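Notes follow once the structure below has been shown.
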Amino acid sequence: MTNSIKKNEEFQRIYQSGRSYANKYLVMYAKKNESDTGRLGISVSKKVGNSVVRHRLARLIRESYRLNESKFHSGWDIIVIARQSAKGRTYFEINSALLHLAKLHKILDEVSV
RNA sequence: AGAGUAGCACAUAUGGUCGCGCCCACAUCAUGGGUGAGGAAAGUCCGGGCUCCAUCGGGCAGGGUGCCGGAUAACGUCCGGUCGAGGCGACUCGCAGGCCAGUGCAACAGAAAAGAAACCGCCGGCUUUGCCGGUAAGGGUGGAAUGGCGGUGUAAGAGACCACCGCUCUUGUGGUAACAUAAGAGGCUGUGUAAACCCCACUCGGAGCAAGACAAAACAGAAGACCAUGCAGCGGCCCGUUGCGUCUUCGGGUAUGUCGCGUUUUGCACGCUUCGUGCAAAGGAGCUGUACGGUAACGUACAGUCAAGAUAGAUGACCAUUUAAAACAGAACCCGGCUUAUCGUGCUGCUCAUCAA
RNA sequence: UGGGGUAUCGCCAAACGGUAAGGCAACGGACUCUGACUCCGUCAUUCUCAAGGUUCGAAUCCUUGUACCCCAG
């Protein structure tokens, strides 16, 4: 069961104190939390597209995180921001972008990479 | 077969694996079953339900609509008709009341743009190289110039007079009406603009589910009764109405949560009993179908049915099949419309022209 | 989700239905040995966010759309 980051304050705290990496399609903020379960927050700006486009990107990111959750180190809060270029990308492109960023953050299990 | 015109329907399939929201089954977990976006869900341009404001009342101001009749809960929507414009036609489009209630505006050009007018021209006269008078037929300007064409007439002209057309009025006939049509009369009565102010007719209180209701940490006030004037408040203003002072009483209320919220209410039965399920009845501008009435919009009756309900927000991913799996696009209180976006299909009515029979 | 507003030159902006002001910037010239300051001139080019309509005539009036901004937890 994937926990999600909901409150605006929590987003702001992670933006302030977390580290960030970015690639062509996504931006990822990450911060170690006090619990031993991981949490995911997704942000898609209105500039990316209309409601259908934004929902689809959020679903693709959530699906990708869900299928790879076991590979992530536990106890990290992760925020993923979709960029404008992510509009119209396929699942596989989003998935590889997400794993690439996780690798930069060094929060992936080395065995599974 | 071609060109066109009007309308209707569908609009991401089927199977497999993994996953999400809600509901149900079991005390819970696990598990199983059911169910899960649109024709526009969009824009928010109108109308209504619902909720609160103040019990929603009266007047003024302001807004909206605008050929006629009907439909509807209501509408700026829809249906039928009239008139005007376009098309050979099927048919389409039209904010289509009133500038003889009043007021305003009409740049530039033009002599003159609205209770007045002679620039050129034409005709007559004279004290003849110019002035006076007559004249709106002709020229020129303009979007618009005193109804149009022909004739009579005249010095030249003029609805001054005549025929036809147009206009206005009256009467008759048809139509619920808009209006159509016939006859007669007037004798022409100065243009455009009301998506200019305005007039006339009808109509509208304001805000919106982040409305609002309930529970309730923090925090200290809150409610009721009585009384007089001023002040303050209440959606533009006024009438009107509420609070501020004194006394009495004890709850008020922010964060937050729940409800509102997806068929609702009542009764009975059952269960694991502040809930849920089943059955029955009533309600719903609910949905589907049939019949009847109506040209139609729509109405009435009967039968069946209850269909997503999230709350940082559920519908997704991959594989296979097929030529391909796609356009525009995602419910957020709920309905009726309008407008705008849109891949690819299917069906029906009608029109025109050609060919064949 | 609901409510409200704005759009005119590169920027800031004005404008009664009748030729789209002005300032800054830019460009050209004058002044200067050179630069700044100052002075003179040019700059909306078929057109006021876009498309229709009303009107003789539209930035202005009407309808529909687009983009951006603000408010309400």
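What you see is a predicted model, and the numbers here were worked out from it, not measured in a lab.
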Open item on the list: Could you check whether F72(A) and Y65(A) have their ring centres less than 6.0 Å apart?
Closed with: yes
Task: Separation of atom CG in N68(A) from atom C1' in rG316(B), rounded to whole Å - done: 15 Å
- [ ] Quick one: look up who rU103(B) pairs with, Watson-Crick or G-U, both distances under 3.5 Å, and put none if it's unpaired.
- [x] rA196(B)
Open item on the list: Counting only Watson-Crick pairs (N1-N3 plus N6-O4 or O6-N4) and G-U wobbles (N1-O2, O6-N3), all under 3.5 Å, who is the partner of rU256(B)?
Closed with: rA215(B)
Open item on the list: Looking only at the side chain of L67(A) (C-beta and beyond, no hydrogens), which of the listed nucleotides rA329(B), rC18(B), rG313(B) gets closest?
Closed with: rC18(B)
Open item on the list: Could you tell me the Watson-Crick or G-U partner of rU152(B), where both distances fall under 3.5 Å? Say none if there is no partner.
Closed with: rA160(B)
Open item on the list: My understanding is that a pair needs two contacts under 3.5 Å, Watson-Crick or G-U wobble. By that rule, which nucleotide pairs with rU176(B)?
Closed with: none
Task: N-glycosidic conformation, rG283(B) - syn within 90 degrees of 0, else anti - done: anti
Open item on the list: Between rU340(B) and rU44(B), how far apart are the two P atoms, rounded to whole Å?
Closed with: 16 Å
TODO: Using the side-chain contact (heavy atoms from CB on, under 4.5 Å) rule, pick out the option among I42(A), V44(A), I61(A), V27(A) that qualifies with I81(A).
DONE: V27(A)
Task: Counter-base of rG65(C), judged by Watson-Crick or G-U geometry with both distances under 3.5 Å - done: rC49(C)
Task: Any donor-acceptor pair under 3.5 Å from N68(A) side chain to K71(A) backbone - done: no
- [ ] Indicate whether OP1 or OP2 belonging to rU315(B) is found under 4.0 Å from a side-chain N or O atom of R59(A).
- [x] yes
Open item on the list: Syn or anti for rA37(B)? Use the chi torsion, O4'-C1'-N9-C4 for purines and O4'-C1'-N1-C2 for pyrimidines, with syn inside 90° of 0.
Closed with: syn
Task: rG15(B) - base-pair partner by Watson-Crick or wobble geometry, distances under 3.5 Å - done: rC319(B)
- [ ] Under 4.0 Å between any heavy atoms, over every strand shown, what does I42(A) touch: base, sugar-phosphate, or nothing? Just pick one.
- [x] nothing
- [ ] Please check if atom NZ in K24(A) has more than 12 non-hydrogen atoms from other residues, nucleotides or ligands closer than 6.0 Å.
- [x] no
Task: Contacting residues from residues 91-99 of chain A, given that a heavy atom lies under 4.0 angstrom of RNA chain B - done: Y91(A), F92(A)
Task: Base rG330(B) paired with R54(A) side chain (donor-acceptor, <3.5 Å) - done: no
Task: Rounded distance in Å between the P positions of rG336(B) and rG2(B) - done: 40 Å
Open item on the list: Tell me if rC16(C) is syn or anti. Syn = glycosidic torsion within 90° of 0, anti otherwise.
Closed with: syn
Task: Protein-nucleotide distance (R62(A), atom CZ; rU315(B), atom C1'), rounded to Å - done: 11 Å
Task: D77(A) vs R39(A), salt bridge (Lys or Arg N to Asp or Glu O under 4.0 Å): CA-CA, chis, key distance, verdict - done: CA-CA 5 Å; D77(A) 283 345; R39(A) 296 195 303 170; 3.1 Å; yes
Open item on the list: Does the structure show a Watson-Crick or G-U wobble partner for rA59(C), both distances under 3.5 Å? Name it, or say none.
Closed with: none
Open item on the list: Within 90° of 0 counts as syn, otherwise anti: where does rG64(B) fall?
Closed with: anti
Open item on the list: Applying the Watson-Crick and G-U wobble criteria at under 3.5 Å, what pairs with rG283(B)? Answer none if nothing qualifies.
Closed with: rU263(B)
Task: Salt-bridge contact R66(A)-E69(A) (side-chain N to carboxylate O under 4.0 Å) - done: no
Open item on the list: My understanding is that only residues two or more places apart in sequence, or in another chain, count here; which of them pass salt bridge (Lys or Arg N to Asp or Glu O under 4.0 Å) with R89(A)?
Closed with: E93(A)
Task: rA196(B) to rC95(B) separation - C1' atoms, rounded to the nearest Å - done: 16 Å
Could you run down the sub-3.5 Å N/O contacts of the protein with nucleotides 323-328 of chain B?
none

TODO: Hey, could you give me the CD1/OH distance between I79(A) and Y29(A), rounded to the nearest 0.5 Å?
DONE: 8.5 Å
Open item on the list: Once hydrogens and angles are ignored, does a donor-acceptor distance under 3.5 Å link the base of rG19(B) to the side chain of E63(A)?
Closed with: no
Task: Euclidean distance for C1', rA331(B) against rG309(B) (whole angstrom) - done: 9 Å
Task: Presence of H55(A) side-chain N/O under 4.0 Å of rA314(B) phosphate oxygens OP1/OP2 - done: yes
